[in-house]
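One-based numbering, in listed order, for ligands and for the atoms of each. Index from 1, following the sequence. All figures in this text were calculated on a predicted structure; none of them were measured in a lab. Worth knowing before you read on, the calculation uses all heavy atoms, side chains too, and leaves out hydrogens, waters and symmetry mates.
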Amino acid sequence: MDTVKLGNTGLEVSAMGLGCGGHSRLGLSYGKTDAEAAVVVRRAVELGVTLIDTAEMYGTETAVGLGIASLPRENLTLCTKAAVEWQGRRGTAAELEERLNASLRRLGADVVDVYQLHGVSLDEYAYCREELVPAMLRFREQGKIRFLGITEAFIGDPGHAVLSEAVRDGCWSVMMVGFNLLNPSARSRVLAHTQTKGIGTLDMFAVRRALSRPEALRELAADLVARGQIDAAGLDPEDPLGWLVREGHAASIPEAAYRFCRHEPGIDVVLSGTGSVEHLEQNARSINAGPLSPEAVARLGRIFGRVDSVTGN
Ligand SMILES: NC(=O)c1ccc[n+]([C@@H]2O[C@H](COP(=O)([O-])OP(=O)(O)OC[C@H]3O[C@@H](n4cnc5c(N)ncnc54)[C@H](OP(=O)(O)O)[C@@H]3O)[C@@H](O)[C@H]2O)c1
């Protein structure tokens, strides 16, 4: 597995991170048990994955804890998150500490490497800065977390309003950003700034639904054409990205999608979320497979380069 530097954190991590949320939640979403999900975690580590991203909200911290229970910890980077909203209102700093302690117990860990505020919306951002960040700085002094992170609510904020503001603050060591070949708008709005400031980046939504299910891609392309965000000329409405495989650029659309993100300047880690060991193994190969050809990247840019309104969800 290729390794990368996570911004200026000093952490050297795998280029593919295991995403324990998304639609699959390590397979818990389609009936896997914690023990079965833990098998996916262990297989990821065997494949060289050293960064694992989970969250209080996903219900996968216990499976991660089980998966890593007997593994050496020194090479693992554990990331988890807490949402601002808690029990129907904004959670307090004191509650955040209790929630962090509970995450640590579920993970069976003494420290969370990257503790992230989860899916922050624009109207929550000031509360994060004023109430929650001071608490997170205390957790860091206490040795319970190592770095502060923030993740955007990409579905509600596909144009990156929150991270565009957050990059101006100095408190975030790591940001999780939505970026994929269908919506590359983070390139100029987020990644240009994280690169100059040394903020580490975790990429979510590399594949999601639209790039793993042909019917979802057809619907999304039709919607973008109808809204004038992409040009119908030269686009096959039945198979909008089929040319990537037909012309030999990649073996599959998910492979192309992961490779596209992996080689984007400014993306450190590409998260892959799956409950399938087979998909995990394929995705690890994709991440290590090298960049798409410059011609394919340029053609994707001509089709989707202006899109900032969809996520592929
Ligand atoms: N705001 C936030 O903080 C936020 C929001 C969303 C996600 N995240 C994080 O980002 C991570 C990545 O997002 P994501 O989970 O949506 O991941 P993703 O890698 O973009 O997409 C994963 C989806 O694609 C499918 N898939 C994966 N590999 C495949 C393959 N080789 N062939 C066909 N289908 C494949 C998976 O289903 P199978 O299970 O069938 O493989 C899964 O449903 C999450 O797990 C989570 O950790 C954070």
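Neither the backbone nor the side chain of Thr54 has a heavy atom within less than 4.0 Å of ligand 1. Under 4.0 Å from ligand 1, the heavy atoms of Met176 that appear belong solely to its side chain. Under 4.0 angstrom from ligand 1, there are no non-hydrogen atoms of Gln116. Of all the heavy atoms of Tyr58, the ones lying under 4.0 Å from any atom of ligand 1 belong exclusively to the side chain. Here Thr151 has side-chain heavy atoms under 4.0 Å from ligand 1, and that is the only part of it that gets that close. Under 4.0 Å from ligand 1, not a single heavy atom of Ser252 appears.
For the residue pair Asn101 and Lys144, a side-chain donor N or O sits within less than 3.5 Å of a side-chain acceptor on the partner. Between the side chains of Arg208 and Thr311, no donor-acceptor pair of N or O atoms lies under 3.5 Å.
For ligand 1, the polar-atom distance check finds no N/O of Met204 at less than 3.5 Å from any of the ligand's N/O atoms. Close N/O approach between His23 and ligand 1 is not found [any backbone or side-chain N/O within under 3.5 Å]. At a 3.5 angstrom cut-off on N or O pairs, Ser276 does not count as close to ligand 1. By the 3.5 Å distance cut-off applied to N or O atoms, Pro254 is not counted among the residues near ligand 1.
No donor-acceptor distance shorter than 3.5 angstrom exists from the side chain of Glu98 to the backbone of Glu95, with no hydrogens or angles considered. Remark: the backbone N or O of Thr50 is not paired with any side-chain donor or acceptor of Asn75 at under 3.5 angstrom.
A salt bridge between Arg189 and Asp308 is present, with a side-chain N of the basic residue lying under 4.0 Å from a carboxylate O of the acidic one. Between Arg90 and Glu124, none of the side-chain N atoms (NZ, or NE/NH1/NH2) sits under 4.0 Å from a carboxylate O, so this pair counts as no salt bridge.
Applying the salt bridge (charged side-chain N to carboxylate O under 4.0 Å, His left out) test to every pair with at least one member in residues 53-64, sequence neighbours left out, gives these pairs: Asp53-Lys81, Glu56-Arg99, Glu61-Arg106. The list of ring-ring contact (aromatic ring centres under 6.0 Å, His included) pairs with a residue in residues 150-175, not counting sequence neighbours, reads Phe154-His160, Phe154-Phe205.
Taking only non-hydrogen atoms, the option from Glu152, Arg208, Glu281 nearest to atom 18 (P) of ligand 1 is Arg208.
Atoms SG and OH, from Cys79 and Tyr115 in turn, are 12.5 Å apart once rounded to the nearest 0.5 Å.
Of all protein heavy atoms, the one lying nearest to atom 34 (N) of ligand 1 is Ser212 CB, 3.4 Å. Nearest protein heavy-atom neighbour of atom 19 (O) of ligand 1: Tyr258 OH, 2.5 Å.
Which parts of ligand 1 touch His118 is read off a 4.0 Å heavy-atom cut-off, strictly below it: atoms 1 (N), 2 (C), 3 (O). Of all the atoms in ligand 1, the ones that sit under 4.0 Å from a non-hydrogen atom of Gly19 are 11 (C), 44 (C), 45 (O), 47 (O). Short contacts between ligand 1 and Phe205, defined as distances under 4.0 Å to a heavy atom of the residue, involve ligand atoms 5 (C), 6 (C), 13 (O), 20 (O).
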